[in-house]
Amino acid sequence: KNVPIGYTALKLSISLPEQLDREMEKPVFMLNTTTLSGDFVPASGEIAFYKLKEPNRVFRKKSWDAPDRFTISQEEYYKLFPHDSYANENDSRNWEKEKKVFTGHFDTGEVKELKLSDLNRWEIGKYVMEMTSSDRYGNPVKEVNYFTLYSAKGKNTPAKELGWFTVLKSVVEPGEAASFLLGSAEQ
C-alpha cells in the first residue's frame, strides 16, 4: 500500500473541465474533499470564480520556451514576431483578476455539489476558480483551476488566440457526426 505524504491533511477538488460551455443546461459541479490517501472527509470553506484580464494582443501557441536571458527588447520582439509571447504573457496563470463573478460557501458534509445557475450570464473568456479550506490541524488548503468559458451558440472566440479549438461531441455512433468548434481572434 502506498502512503502519501504532504504538508496538509486535506485535498480539495472540483469536477470543472478546462473548456466549459456557458449554455450547458444544468451547470452542476461535484466537490470532493479527501485525505491524501483518497478517503472522504467532510470539509467546509469558500469558493470564488474570477474573470481574468486578457492581454491586448492575439497570441498563438508558442513553439519554444521563454528564454533565460532576453537579448532584444519586448518592442523589437513584437515587431519581429507579432503573434508570439515575449515572456509567457499568453499564459493565463500570469494574468490579473479582472472581476469576481461568483463567491460562495461550501460544506461537503452536507452537499457535495456546486450549482452555478447564472453561468449563462457570465462573459465568455478565461477564468480562475479558487477553493479554500483548512485541514483538521488548521493548515490552509487551496485548490486553483483555470478554465475557458465559451458559448457554443456565439460567434466570438472566448480567448485572444490565433487558433482556438474545443470538442463538442467526441463519442459518436456509426453514421453520426462528431462536432467541434474552432475559431480565431484574428480577422
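Just so you know, these numbers use all the heavy atoms, side chains as well, and skip hydrogens, waters and symmetry mates.
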Report task. Under 4.5 Å between side-chain heavy atoms, chaining through other members, with only Ile, Leu, Val, Met, Phe, Trp and Tyr counted: pull out the rest of the cluster around Tyr7, sorted by chain and number. Result ->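 Grouped by the 4.5 Å side-chain rule, Tyr7 forms a cluster of one, so the answer is none.
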Requested in this report: Following the transitive rule for hydrophobic clusters with a side-chain heavy-atom cut-off under 4.5 Å over Ile, Leu, Val, Met, Phe, Trp and Tyr, establish whether Ile14 and Val128 coincide in one cluster.
Outcome: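 They do not share one cluster, since no chain of ILVMFWY contacts under 4.5 Å joins Ile14 to Val128.
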Query raised in the report: Does Leu181 belong to the same Ile/Leu/Val/Met/Phe/Trp/Tyr cluster as Leu149, with side-chain heavy atoms less than 4.5 Å apart forming each link?
Result: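 In one cluster: no.
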**Report entry** Any donor-acceptor N/O pair, Thr108 side chain to Asn32 backbone, under 3.5 Å
**Finding:**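 Such a contact is absent between Thr108 side chain and Asn32 backbone.
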**Report entry** Ser85 side chain vs Ala87 backbone, donor-acceptor pair below 3.5 Å
**Finding:**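 Here the side-chain-to-backbone pair does not exist.
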For residues 109-126, which side-chain donor-acceptor pairs fall under 3.5 Å, sequence neighbours excluded?
from   : atom 1 : to     : atom 2 : distance (Å)
Glu123 : OE2    : Lys99  : NZ     : 2.6
Lys126 : NZ     : Thr148 : OG1    : 3.3
Lys126 : NZ     : Glu161 : OE2    : 3.3

**Report entry** Contact list for residues 12-42, test ring-ring contact (aromatic ring centres under 6.0 Å, His included), sequence neighbours left out
**Finding:**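 As it turns out, there is no ring-ring contact (aromatic ring centres under 6.0 Å, His included) pair with a partner in residues 12-42 once direct neighbours are skipped.
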Query raised in the report: Judged by modelled atom types alone, do Ser44 and Asp107 share a side-chain donor-acceptor pair under 3.5 Å?
Result: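 The answer is no; no qualifying pair exists.
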Heavy-atom closest pair, residues [X] and [Y]:
X      : Y      : answer
Val41  : Leu10  : CG1-CD1, 3.5 Å
Ala185 : Val58  : CB-CG2, 4.0 Å
Ala43  : Ser133 : CB-OG, 4.0 Å
Leu36  : Gly6   : CD1-N, 3.5 Å

Restricting to pairs with a member in [range], which pass salt bridge (charged side-chain N to carboxylate O under 4.0 Å, His left out), not counting sequence neighbours?
range            : answer
residues 170-185 : Lys169-Glu176
residues 10-26   : none
residues 133-147 : Glu130-Lys142

Quick one, [X] and [Y] - any side-chain contact, counting heavy atoms below 4.5 Å?
X      : Y      : answer
Ser184 : Trp164 : no
Asn94  : Asn88  : yes
Phe147 : Pro17  : no
Leu52  : Glu96  : no
Tyr150 : Gln19  : yes
Thr103 : Ile47  : no
Phe106 : Met131 : yes

Report task. For Tyr137, enumerate each residue passing the ring-ring contact (aromatic ring centres under 6.0 Å, His included) test, keeping only those at least two apart in sequence or located in another chain. Result ->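 Tyr137 satisfies ring-ring contact (aromatic ring centres under 6.0 Å, His included) with no other residue.
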**Report entry** Phe165: ring-ring contact (aromatic ring centres under 6.0 Å, His included) partners, not counting sequence neighbours
**Finding:**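 Testing Phe165 for ring-ring contact (aromatic ring centres under 6.0 Å, His included), a comparison that skips the adjacent residues, returns Phe180.
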**Report entry** side chain to side chain donor-acceptor pair (under 3.5 Å) contacts touching residues 50-59 (sequence neighbours left out)
**Finding:**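 Qualifying pairs, neighbours excluded: none.
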Requested in this report: Please step through side chain to side chain contact (heavy atoms under 4.5 Å, CB included) for the pair Lys79 and Gln74, ending with a clear verdict.
Outcome: CA-CA 9 Å; Lys79 285 179 187 173; Gln74 185 173 12; over 6 Å; no
Query raised in the report: Do the two ring centres, one from Tyr127 and one from Phe49, sit under 6.0 Å apart?
Result: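 Tyr127 vs Phe49: aromatic centres not under 6.0 Å.
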**Report entry** Check: Tyr86 ring centroid to Phe81 ring centroid under 6.0 Å
**Finding:**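 They do not qualify: ring centres at least 6.0 Å apart.
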Report task. Could I get the full list of side chain to side chain contact (heavy atoms under 4.5 Å, CB included) partners for Lys155, not counting sequence neighbours? Result ->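 So Lys155 forms no side chain to side chain contact (heavy atoms under 4.5 Å, CB included) with any residue.
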Query - Asp84: partners by salt bridge (Lys or Arg N to Asp or Glu O under 4.0 Å), with sequence neighbours left out - result: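 For Asp84 the salt bridge (Lys or Arg N to Asp or Glu O under 4.0 Å) partners, ignoring immediate neighbours, are Arg60.
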Query raised in the report: Taking only residues two or more places apart in sequence, or in another chain, which ones meet Asp91 in a side chain to side chain donor-acceptor pair (under 3.5 Å)?
Result: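 Side chain to side chain donor-acceptor pair (under 3.5 Å) check on Asp91 returns Arg93.
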